[in-house]
There are 2 protein chains.
Amino acid sequence: MEALKSYIRSIKPLSDNSWNILQSCFTERTFKKGELLVKEGQICQSIFFIVEGSCKSFHNLDGKEINTAFHFENDFATNIQSLTSQQPSTSSIKALEKTTVVILNKNKLLAAYSASHEIESFGRKVLELLLTRQTLHTESFKLLAPKQRFEHLVATQPDLLQRVSLTQLASYLGISRESLSRFRSAR
Amino acid sequence: MEALKSYIRSIKPLSDNSWNILQSCFTERTFKKGELLVKEGQICQSIFFIVEGSCKSFHNLDGKEINTAFHFENDFATNIQSLTSQQPSTSSIKALEKTTVVILNKNKLLAAYSASHEIESFGRKVLELLLTRQTLHTESFKLLAPKQRFEHLVATQPDLLQRVSLTQLASYLGISRESLSRFRSAR
DNA sequence: CTGATTTTGTGATTTTTGACGCAGGTATCG
DNA sequence: CGATACCTGCGTCAAAAATCACAAAATCAG
């Protein structure tokens, strides 16, 4: 909880009043390895802040898991499309290990936005950061060849290689497991 | 201007007071075909709302233009990374034809956010929409093969094919111009 | 209107990547 | 602890896409 508090403060300092309002949206919960935080087909009602552990967002394609994002400590995870449109989610989020999260309920958060301009400002800033990150990730697919995408990942997010298996990284990079294995051994 | 007003109202209705504040951020301007709205290397200070015409965001890669986004009427265009971090932009935005835009100055917009909770709420909602769109676009690179990406574009954004040349679409889809031409003629 | 530039279509060829199979190693879980 | 599932590396082969080259068509600018 302290981690979340200091993360929020780094984005947008909140008054005591706003902090109290925001806190009322929080529920802490621990997921076991392999448990689903969001299940495909269901409507996503929450944003998850990872306190400890990690999880991944993935699509099920012919029985294969195509990973679209990895989330570690001090990061948010949600299905933004399902959350905002309230349509069934086309992907799932799964704990990669025993993972403790703070759950922010959507409806409570919307009420908090209405009740506090500061909290809405915080939400706006977080979305700017997420949009920037997502945009850069998209660009890597247009500007870089598969091998370069891997090299770029090694250079900019070496931690991912430590915490996620090659098999799981492959689909995240849009590369087959075998090709990724070859790129790696060729270095 | 009426288009912008009704677009804003569809996202978040504003009080007269908020509308007046927001309007003070607006400047209307027309760009000639080929003119740059944002230039690589410079710091992006604005968000552009396309009133009439179209433009594209692109990176310069060894003299080739790699297109990362296309923007048409009633859509926003900006470089979100440069805008929010105030670092030099690594890409440019160019008018594809004679294009009229409403320019929202960054500093004025930030002031408007502070002055009006409603406007900040509008900003938050727009960012949710943009993040959703960008996330779906990224997923198309992980879930679909090149040929399928083209088919998907035809099915979901047939207008793009009408308004943008194959050559320009190719880099947007992360496909060579020749392959895209073949995919298209095979239909 | 017309020359110049850009865009597009197509073939031939090469390169890259994917798919499959299999073996050895490692982590996981009851 | 032991069975099982998972991860990784490698070889072969096939498929897909990129590259190169060139001609035709369309568009643009003066």
Side-chain angles (χ1 to χ4, degrees), chain A residues 30-36 53-56 58-67 70 94-99 140-154 160-187, chain B residues 31-35 53-56 58 60-67 70 94-99 140-154 158 160-187:
Chain A
T30 299
F31 289 86
K32 292 180 202 160
K33 175 173 181 173
E35 263 193 293
L36 295 180
S54 56
C55 56
K56 68 171 190 180
F58 68 97
H59 285 248
N60 194 305
L61 191 69
D62 307 326
K64 282 176 192 160
E65 294 185 352
I66 308 296
N67 304 307
F70 297 103
K94 178 193 278 187
L96 293 173
E97 58 194 304
K98 182 182 169 189
T99 298
S140 74
F141 284 89
K142 301 183 184 184
L143 297 168
L144 305 175
K147 188 183 256 175
Q148 294 176 302
R149 276 201 303 279
F150 171 66
E151 303 290 355
H152 183 252
L153 185 85
V154 170
L160 260 184
L161 284 162
Q162 302 304 317
R163 299 189 62 172
V164 175
S165 73
L166 270 197
T167 306
Q168 295 188 109
L169 265 186
S171 60
Y172 175 74
L173 291 170
I175 304 175
S176 72
R177 182 189 68 76
E178 295 90 334
S179 294
L180 191 55
S181 173
R182 288 178 190 121
F183 295 157
R184 184 204 226 178
S185 64
R187 292 176 65 245
Chain B
F31 290 86
K32 291 179 202 160
K33 175 172 180 172
E35 265 193 290
S54 56
C55 57
K56 68 171 190 181
F58 68 98
N60 195 303
L61 190 68
D62 307 326
K64 282 176 193 161
E65 296 185 351
I66 307 296
N67 304 306
F70 297 101
K94 179 193 278 186
L96 293 174
E97 56 194 305
K98 182 182 169 190
T99 299
S140 75
F141 284 89
K142 301 183 183 182
L143 297 167
L144 305 175
K147 187 183 253 174
Q148 294 177 302
R149 279 205 298 281
F150 171 67
E151 302 290 356
H152 183 253
L153 185 85
V154 170
L160 260 185
L161 284 162
Q162 302 305 316
R163 300 190 62 173
V164 175
S165 73
L166 271 196
T167 306
Q168 296 188 108
L169 265 186
S171 59
Y172 175 75
L173 290 171
I175 305 176
S176 74
R177 183 190 67 78
E178 295 92 332
S179 294
L180 189 55
S181 172
R182 288 179 185 115
F183 295 159
R184 182 205 229 178
S185 66
R187 295 178 59 245

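Residue numbers start from 1 in every chain, and the chains themselves are labelled A, B, ... in the order their sequence lines are given, proteins ahead of strands. Predicted model only: the values in this text are computed from it and were never measured.
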Say you draw a straight line from OG of B:S171 to CD of B:Q168; how long is it, rounded to the nearest 0.5 Å? 7.5 Å
Rounded to whole Å, how long is the line connecting atom CD of A:E35 with atom P of C:dC29? 13 Å
Walk me through it: do B:R163 and B:L96 pass the test side-chain contact (heavy atoms from CB on, under 4.5 Å)? CA-CA 9 Å; B:R163 300 190 62 173; B:L96 293 174; over 6 Å; no
May I ask you to verify if any side-chain N or O of B:S185 is less than 4.0 angstrom from the OP1 or OP2 atom of C:dT10? yes
Grab the CD1-C1' distance between B:I66 and D:dA18 for me, whole Å please. 13 Å
Can you find a side chain N or O atom of B:T167 that sits less than 4.0 Å from OP1 or OP2 on C:dT6? no
Taking protein heavy atoms under 4.0 Å as touching, what does nucleotides 15-23 of chain C look like 5' to 3' if B marks base contact, S marks sugar-phosphate-only contact and - marks none? --SSBB---
Length of the line joining B:L166:CG and D:dA24:C1', which is rounded to integer Å: 15 Å
Between B:L160 and B:L153, what is the shortest heavy-atom contact and its length? CD1-CD1, 3.6 Å
What's the CD-C1' distance between A:E65 and D:dC6, to the nearest Å? 12 Å
Measure from CZ on B:F141 to P on D:dA17 and round the result to the nearest Å. 13 Å
On the nucleotide D:dA29, are OP1 or OP2 found under 4.0 Å from the side-chain N or O atoms that B:K33 carries? no
With a 4.5 Å limit on heavy-atom distance, are the side chains of A:P146 and A:R149 in contact? yes
In whole angstroms, the gap separating C1' of C:dC29 from NZ of A:K98 amounts to 16 Å
Indicate, with a heavy-atom threshold strictly under 4.0 Å, whether A:S165 touches base, sugar-phosphate, or nothing. sugar-phosphate
Length of the line joining B:E97:CD and C:dT6:C1', which is rounded to integer Å: 17 Å
Measure CG/A:L96 against C1'/C:dT28 and give the value in whole Å, please. 15 Å
Under 3.5 Å, side chain of B:R177 to main-chain N/O of B:T167, donor-acceptor pair present? no
Looking at every heavy atom in both A:E35 and A:T30, which two are closest together, and how far apart are they? OE1-O, 4.3 Å
Distance in Å, A:K56 NZ paired with A:L169 CG, rounded so as to fall on 0.5 Å steps: 10.5 Å
